[in-house]
Amino acid sequence: MAGENKGLSRRAIRLALWLLPLAALVNIGIFLWSMDGAPVASIAQRPWLLLVAAGLSVVPWFTNVLRLVIWCRFLGVPMPLRSNVRITLGTVIANSITPTATGGTVIKWGFLVGEGVPKEKASTLITTQIAEDSIVMLGILAIALFVAFGFELPSTIRRTIWSNEAIVSTQNAMLVMVFLILFVTLLILFARRGLFGKRIGGWTQRAVTATRNHLAKVRSDWGGILRHGKSVVLASMALGVVQWGARYSVATLVIGFAGGVMLPLLYWALNWLTFTFSTLVPTPGGIGGTEAAFLLLFAPFVAPDILAPVMAIWRLVMFYVPVAIAAVIFLGLRGRVGARPE
């Protein structure tokens, strides 16, 4: 099994080095087309914000490394720092060349086992992180929606006169998200009842059962952890807040860089919706679907003349450039350490 996971990391690197530059070039092409020959400086209203955005885009690397260190020590798993960094960066790279819905958790589990972590310990590390991230994400999302709809949006509407087109665009974006949620829910219900055939019905039932078992495992793990490791949970969740806060704040900074109105918590919630939508797109790293979701959801709040350039810059800063850097570092670490399956 370990050997297979080492092979997975090598295949991920090879595919990433071919696929990501091509996707990045498409993004750059969109950017140049949207600029229509105008210099980049024409939209650079606050250049320093782009540097901050670039810094925030790699914050999740450091928080993930620290969280893994905390939990490995708590669970008694010996994990060299280089192996920890290799797991974190390898997961980033593998996620970039697999469909988002495949799930980074499976990939990370493979890297953990490949680095010599016992399978049951690897499963516990994964389930604890899922539970932490779920709590952190839902908590921040609730706060973001409350502040956005209670303060940021009313203030924005008072300062600017929205056109009928912008209002309709906002309504359409909300309707699309509601439709997608209902559509996926109905597909699952129909599939479980066998309306799409026995094979699909059986696969769906197994997926639902696996999800329930997984949640039961999470509850069981957390029962023991909360009895003996409350400080560990608090420390890791604090890092989770930093991680997700940084990740979903990049869009705000890029919009501010281009001179747009900065609504941090509203844009945080829209970023969450953007990446949630991308999980439905069966392309590596959500390529195509993520860009489309960004354009749809941010259209009411970003001026039309800078929307496409902002999207292209955001995707480059948030995804393509960090993954390329991660691939270079990952290859360097493998070259020096030369890890082999045990």
Side-chain angles (χ1 to χ4, degrees), residues 20 23-24 27-28 31 40 43-70 84-85 88-89 91-93 95-96 100 104 129 132-133 136-141 143-145 147-148 152 235-278 285-287 290-291 293-294 297-298 301-302 306-307 309-330:
L20 293 177
N27 237 285
I28 293 171
F31 174 75
V40 177
I43 65 168
Q45 302 299 315
R46 306 181 186 98
W48 62 275
L49 287 179
L50 192 60
L51 295 176
V52 179
L56 289 185
S57 68
V58 298
V59 165
W61 297 0
F62 298 96
T63 54
N64 272 321
V65 167
L66 289 173
R67 291 171 72 184
L68 190 53
V69 167
I70 289 171
N84 189 323
V85 173
T88 300
L89 296 183
T91 303
V92 169
I93 298 163
N95 283 343
S96 71
T100 307
Q129 183 171 1
E132 285 177 350
D133 286 341
V136 168
M137 290 283 290
L138 291 175
I140 298 179
L141 182 61
I143 295 171
L145 291 174
V147 175
E152 288 183 342
S236 185
M237 288 183 68
L239 289 170
V241 172
V242 174
Q243 175 177 320
W244 292 107
R247 178 175 172 80
Y248 288 166
S249 295
V250 172
T252 299
L253 295 171
V254 173
I255 291 171
F257 158 79
V261 178
M262 298 175 69
L263 304 171
L265 292 175
L266 174 63
Y267 294 161
W268 196 99
L270 292 178
N271 249 212
W272 179 84
L273 286 173
T274 299
F275 284 107
T276 300
F277 176 82
S278 72
I287 294 173
T290 305
E291 289 84 351
F294 185 96
L297 294 171
F298 282 83
F301 311 103
V302 179
I306 64 170
L307 179 60
V310 160
M311 182 278 294
I313 294 172
W314 167 78
R315 193 65 166 140
L316 286 168
V317 170
M318 184 79 179
F319 182 69
Y320 295 111
V321 173
V323 171
I325 295 172
V328 172
I329 297 173
F330 184 87

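Between atom CD1 of residue Ile325 and atom CH2 of residue Trp61 there is a gap of 5.5 Å, rounded to the nearest 0.5 Å. Residue Leu273 holds its CG atom at 7.5 Å from CG of Leu141, rounded to the nearest 0.5 Å. Rounding to the nearest 0.5 angstrom, the gap separating the CG atom in Leu68 from the CG atom in Asn84 is 4.0 Å. Atom OH in Tyr267 sits 7.0 Å away from atom OG1 in Thr252 (nearest 0.5 Å).
In this structure, the side chain to side chain donor-acceptor pair (under 3.5 Å) partners of Thr63, at least two apart in sequence or on a different chain, are Gln243. Shown here are the side-chain contact (heavy atoms from CB on, under 4.5 Å) partners of Val302, two or more places apart in sequence or in another chain: Ile255, Phe298, Ile306, Leu307. Residues that satisfy the ring-ring contact (aromatic ring centres under 6.0 Å, His included) test with Trp314, not counting sequence neighbours, are Phe275, Phe294. The side-chain contact (heavy atoms from CB on, under 4.5 Å) check on Ile143 picks up Val147, with sequence neighbours excluded. The side chain to side chain donor-acceptor pair (under 3.5 Å) search around Asp133 returns Arg67, Trp244, not counting sequence neighbours. The side-chain contact (heavy atoms from CB on, under 4.5 Å) test applied to Leu51 returns no partner, not counting sequence neighbours.
Minimum interatomic distance between Val254 and Ala53 (heavy atoms only, all atoms of both residues): CG2-CB, 4.2 Å. Taking every heavy atom of both residues into account, Ala251 and Asn271 meet most closely at CB-ND2, 3.4 Å. Across all their heavy atoms, Pro60 and Arg247 have their closest contact at CG-CB, 4.2 Å. The minimum heavy-atom distance between Ile70 and Ala235, with the atom names listed, is CD1-CB, 4.2 Å. Looking at every heavy atom in both residues, Gly256 comes nearest to Leu49 through C-CD1, 3.5 Å. When every heavy atom of Met318 is checked against every heavy atom of Ser57, the shortest pair comes out as CA-CB, 4.4 Å.
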TODO: For side-chain contact (heavy atoms from CB on, under 4.5 Å), just list the numbers for Val92 and Asn64, CA-CA rounded to whole Å, side-chain angles, deciding distance to a tenth of an Å, and then say yes or no.
DONE: CA-CA 11 Å; Val92 169; Asn64 272 321; over 6 Å; no
TODO: Determine, stepwise, if the pair Tyr248 / Met137 fulfils side-chain contact (heavy atoms from CB on, under 4.5 Å).
DONE: CA-CA 11 Å; Tyr248 288 166; Met137 290 283 290; 3.5 Å; yes
TODO: Apply side-chain contact (heavy atoms from CB on, under 4.5 Å) to the pair Leu253 and Met262, showing each step before the final yes or no.
DONE: CA-CA 7 Å; Leu253 295 171; Met262 298 175 69; 4.2 Å; yes
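Side chains of Thr290 and Phe319 form no contact here, defined as non-hydrogen atoms less than 4.5 Å apart.
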